[in-house]
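Reviewing the structure listed below.
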Number of protein chains: 2
Amino acid sequence: MKTVHKEHTLTKNQQIIFDLIDKSPEPMKAYSILFNVQKKGIKAPLQVYRALDKLVEIGKIHKIESRNAFIACHNSSCQMANATAFSICEICEKVTEISSAGLSKYLANFKDKDGMKYSKYNLEFFGLCKKCKVK
Amino acid sequence: MKTVHKEHTLTKNQQIIFDLIDKSPEPMKAYSILFNVQKKGIKAPLQVYRALDKLVEIGKIHKIESRNAFIACHNSSCQMANATAFSICEICEKVTEISSAGLSKYLANFKDKDGMKYSKYNLEFFGLCKKCKVK
DNA sequence: TTACATCTTGTTATATTATAACAATCTAAA
DNA sequence: TTTAGATTGTTATAATATAACAAGATGTAA
């Protein structure tokens, strides 16, 4: 029941909700998650939001801010919690996490006009996915 | 009453709401905007959201997705509507629009692993602003 | 000018997303 | 085994956003 690393130990609710998001082919919204886990005893929005907050915090999932939806992290789990990039299809709403060493290096080293650096960022690209482009 | 370019002509509600946001030193939330324009006859959330939608569409304002708040565009107005970058202070919540030719060039030319390019994106950097860093 | 299409408005109601507050329970480590 | 801290369950409510529809304004073309 326990994993080796404490930082990855999920509580029951967290595990249930993570499993659901992880299996979903698309980002899930909080109340859709709630609906799906009610049969497992999670009945209230707060129970969902608390688990989501924690999962985001430890990097197991990410929030797609422009969609108010959540997806599981597949970039060697939890390392990318503070530096995320996604592509979002404006037609089918497919979301893909971008893992590009070049991009993350560029952004982590970016200095604004005051010379300030930022190790934490969220980038959302919008366009058409391959499938929708063809149509 | 009319400006030279039709695409910049604002309706009464749009103008009232844009002026308010433009004067604000910080991003404004929809219901705070509503509260502030009620004395000018804008009484319902939908009137605010409709104006906001239009102002975002034509690039006069931007939405800070992670904060559900809106700020006026100061990058030669409306040209940056589809390619936005901001720095956000995690303590005082100060938000600054980043206008960096290098950054926008890099992101506009970024290709994902499928070779796909995206002309539209939103980037939010998080950190501490100068003032909050000192404290 | 008139008539039409389109856009914008005003309004009520409601949907969706998220948090406050607090008592009870569980868990990990001393 | 006790105690501090995290997590849970629960009710209520706050904050953000859209649906639906009637009425009014505006541009344009005959």
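Both backbone and side-chain heavy atoms feed into the values below; hydrogens, waters and symmetry mates do not. The sequence lines fix the lettering, A, B, ..., with proteins before strands; numbering per chain opens at 1.
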Measure OH/B:Y49 against P/D:dA15 and give the value in whole Å, please.
12 Å
Return each pair, listed once, that meets salt bridge (charged side-chain N to carboxylate O under 4.0 Å, His left out) where at least one residue sits in residues 104-117 of chain A; pairs must be two or more places apart or across chains.
none
Could you tell me the separation between the CG atom of A:L52 and the P atom of C:dT19, rounded to a whole number of Å?
10 Å
Quick one: list whatever passes side chain to side chain contact (heavy atoms under 4.5 Å, CB included) with B:N36, sequence neighbours left out.
B:L20, B:M28, B:S32
Rounded to the nearest angstrom, tell me the gap between atom CG in A:D53 and atom C1' in C:dA20.
14 Å
Taking all non-hydrogen atoms of both residues, which atom of A:S87 and which atom of B:Y118 are closest, and how far apart?
CB-OH, 3.2 Å
Heavy-atom contacts, protein to nucleotides 6-12 of chain C, under 4.0 Å, summarised as B (base), S (sugar-phosphate only) or - (none) per nt, yield --SBBBB
Show me the pairs that pass side-chain hydrogen bond (donor to acceptor under 3.5 Å, both in side chains) and involve residues 39-56 of chain A, at least two apart or across chains.
none
Kindly state each residue pair satisfying salt bridge (charged side-chain N to carboxylate O under 4.0 Å, His left out) with at least one member in residues 81-94 of chain A, sequence neighbours excluded.
A:R67-A:E93, A:E90-B:K120
Other cluster members, A:L46 - Ile/Leu/Val/Met/Phe/Trp/Tyr, side-chain contacts below 4.5 Å:
none
Who are the side chain to side chain contact (heavy atoms under 4.5 Å, CB included) partners of A:D22, not counting sequence neighbours?
A:F18, A:A72, A:H74
Check ring pair (Phe, Tyr, Trp, His ring centres under 6.0 Å) between A:F35 and all other residues, then give those that pass, not counting sequence neighbours.
none
Rounded to whole Å, how long is the line connecting atom CZ of A:F70 with atom C1' of C:dT16?
13 Å
Gap between atoms CD and P, on A:Q15 and D:dT7 respectively (whole Å)
14 Å
Quick check on the helix from C:dT1-D:dA30 to C:dA30-D:dT1: what's the angle between its two end axes, five base pairs per end, to the nearest 10°?
40°
Contacts of A:Y31 that satisfy ring pair (Phe, Tyr, Trp, His ring centres under 6.0 Å) - sequence neighbours left out:
none
By a strict heavy-atom criterion of less than 4.0 Å, which residues belonging to residues 22-36 of chain B are in contact with DNA chain C?
none
What integer distance in Å separates B:N68:CG from C:dT16:P?
17 Å
Examine the side chains of A:N13 and A:Q15 and answer whether a donor and an acceptor come within less than 3.5 Å of each other.
no
Rounded to the nearest angstrom, tell me the gap between atom CZ in A:R67 and atom P in C:dA18.
14 Å
Residues forming a ring pair (Phe, Tyr, Trp, His ring centres under 6.0 Å) with A:F126, sequence neighbours excluded
none
What is the distance, rounded to the nearest whole Å, between atom CG of A:L10 and atom P of D:dA6?
17 Å
